[in-house]
Amino acid sequence: MVVLREGMCPGLDEDLVRGLRAADIKTVEDLVSSDIEELAQKCSVSYKALFAIRRVLLAQHTAFPVSGADLYEELLSSTAIVSTGNPSLDKLLDSGLYTGEITELSGGPGSGKSQVCFGVAVHISYQLKQSVIYIDTTGGLTASRLLEMLQAETTNTEEQMEALQRIHIFRLFDVFSLLDCLHGLCSGGLQQASVGGGSVKAVIVDSVSAVISTLLGGKQNEGMSLMIQVAGVLKTMAKDFNVAALVTNHVTRGGSGEVQPGLGVSWSHIPRTRVLLERVEKAVAVSRPGLRSATLIKSSRQPCHIKEEFDLQWWSRSKGGPSLGKRKLDETDS
Amino acid sequence: MLRLVSILENRLNAAVSTSSSSAGSDEATLRSCLSRLLVVHCSSSSQLLLTLHFLETSFSSRPSLALLLIDSISAFYWLDRCEGGASLAKQEEKLGKCSELLGRLLRDYRITVFATCHAIRRSYSGPSSSSSSDSDRPYLCRPWQRLVTHRLLCARQEAANNMAAAAGSGKEQRRRQLFTVHCTSFSSSSSSSSSSSRTKSYRSSSFCVTDGGVEFI
């Protein structure tokens, strides 16, 4: 909704705005939808002038059509596939996280959502030398864990610090600060984060359900609206700035007891790709506590229900046993 | 978009292999196909409305434009619901205007409009209790409902049925996901008649998704 103001375009002066307002034309939408001929008579302005104003306003406020060929060309040059650092996950995701898209990880407590996010963040910042925005809404992020993962990659402290500097962390605990933060990122925050080093390639929100699920339910629909707003700004950001958005979600059980991602049907349309993480309950799992299974439950590229097993310890593989106990602890606050 | 191109490539390749024409102009064909596609990104319902108005000039200047795809018409449903406050009229105002405009475009330019609409609520009752669940009930405003002449309801088939279907068809199907689509056509004489007086006809079929896009079985 865009309210008509004087000076918005040539010819739209104070008198005309007042005249239009008297004719119950308050917004650009009103003006565009109205019958120009009739309106010209009512406000006693020339049809031609009003028509020109309408045309300018339309051109100012519409989304401009882009030819498919141009869009394809642009996508070819701008889209990057960001590796998660884990070959099994990459295989599942058709070689990684695509920039311009929202990918969702869902899973119960301890299924490794946060750990995967950490791993992706560390991989992008250290291996790919690009920046990452990490929005932590659960308080589950510990810098020491990131450092631990980095220490597994390199023993060079300077490189470790550089990599950590490329991970920009936001801690916020309600949906309004999340929206603020995302809007801020869209209007300059992303460029600012790119100043120090590589450009921002991924925005991780862990977890998106923590701030949204509390708003849902009941008869009110403000929660739904806020959820769609978060989705909208995430999508716009992913598309306009060519970043991969990675969000995490909790799981619920459906009517027939099957595990499904949280936030309901309306949210299910938002992420382009959805992956369900589960703990592997097998004999081998005893010796490998980091083993998880990932199931693709939504994708536009791969057939769904492909399952891959992967080890959370992949991201800290060169590190020996001592980190094991610590890892388990960290996991519980996913 | 990338997926769209890969589908297009797949189809083009299939066409080339059957017609055995010169394969050199593959890329050029792809480009020319893509250049006939216009893509618009809208981020709010008012922008959608303004864009539709803007597109009217495109339709009048380019008679070759024949199809308008909207994915999805319900994208701003919740935003509008909240923005409109307590009054239902206000909530539905923009989509109502869009629908009116679309109706005019349909009439004046003889285009086809194909829109998707999200299912918004899962049925709370168990699968056995009632046949029509909450999720397939139309919920958008009445002007839009009046505009719709064919409703397709897509659903992913359950795994058990999937197996049976695969076995029944005899073809070797390596666990392909089957989808069903249920079409309801409203053949109304005039657009002003209410939905209750419209006659309905049903048809069902199923499809699966392959590298070449959607394939009906």
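Model, not experiment: these values are computed from the prediction. Proteins get letters first, then strands, A, B, ... in listed order; numbering begins at 1 in each.
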Interchain contact, B/Leu55 with chain A, by part (heavy-atom threshold 4.5 Å)
side chain

To the nearest 0.5 Å, tell me how far A/Leu58 CG sits from B/Thr57 OG1.
7.5 Å

Using a 4.5 Å cut-off on heavy atoms from C-beta on, say whether the side chain of B/Tyr77 contacts that of A/Ile228.
no

When rounded to the nearest 0.5 angstrom, what is the spacing between CD in A/Gln60 and CG in B/Leu50?
11.0 Å

How long is the gap from CZ on B/Phe76 to CD on A/Gln229, to the nearest 0.5 Å?
12.0 Å

Do you know which of B/Ile7, B/Val5, B/Leu49 has the most heavy-atom pairs with chain A at a distance under 4.5 angstrom?
B/Val5

Might you work through the salt bridge (charged side-chain N to carboxylate O under 4.0 Å, His left out) test for A/Asp30 and B/Lys97, ending with a clear yes or no?
CA-CA 10 Å; A/Asp30 290 340; B/Lys97 278 185 182 169; 3.2 Å; yes

Give a yes or no on this: more than 12 heavy atoms of other residues, nucleotides or ligands lie within 6.0 Å of atom CZ of B/Phe114.
no

Separation between OG1 of A/Thr62 and NE2 of B/His53, rounded to the nearest 0.5 Å:
11.5 Å

At a 4.5 Å cut-off on heavy atoms, which part of B/Arg31 comes close to chain A: side chain, backbone, both, or neither?
both

For the candidates A/Ala59, A/Ala231, A/Gly232, A/Ala69, which exhibits the highest count of non-hydrogen atom pairs separated by less than 4.5 Å from chain B?
A/Ala69

Considering non-hydrogen atoms only, spot the tightest contact between A/Ser225 and B/Trp78 and give its length.
CB-O, 3.5 Å

Heavy-atom cut-off 4.5 Å, strictly under: side chain, backbone, both or neither for A/Val233 against chain B?
neither

Using a cut-off of under 4.5 Å on heavy-atom pairs, state which of A/Thr79, A/Val32, A/Leu71, A/Thr236 scores highest against chain B.
A/Val32

Under a 4.5 Å heavy-atom criterion, the part of residues 34-43 of chain B in contact with chain A comprises B/Leu34, B/Ser35, B/Leu37, B/Leu38, B/Val39, B/Val40, B/His41, B/Cys42

Heavy-atom pairs under 4.5 Å with chain B are the metric here; pick the option from A/Arg55, A/Met227, A/Lys235, A/Glu73 that has the most.
A/Glu73

B/Arg3 (side chain) donor-acceptor with A/Ser300 (main chain) under 3.5 angstrom:
yes

Nearest-0.5 Å distance, NE2 of residue A/His61 to OG of residue B/Ser46
10.0 Å

Separation of A/Tyr72 OH from B/Leu4 CG (nearest 0.5 Å)
10.0 Å

Are A/Met224 and B/Arg81 packed together at the side-chain level, in the sense that at least one heavy-atom pair is separated by less than 4.5 angstrom?
no

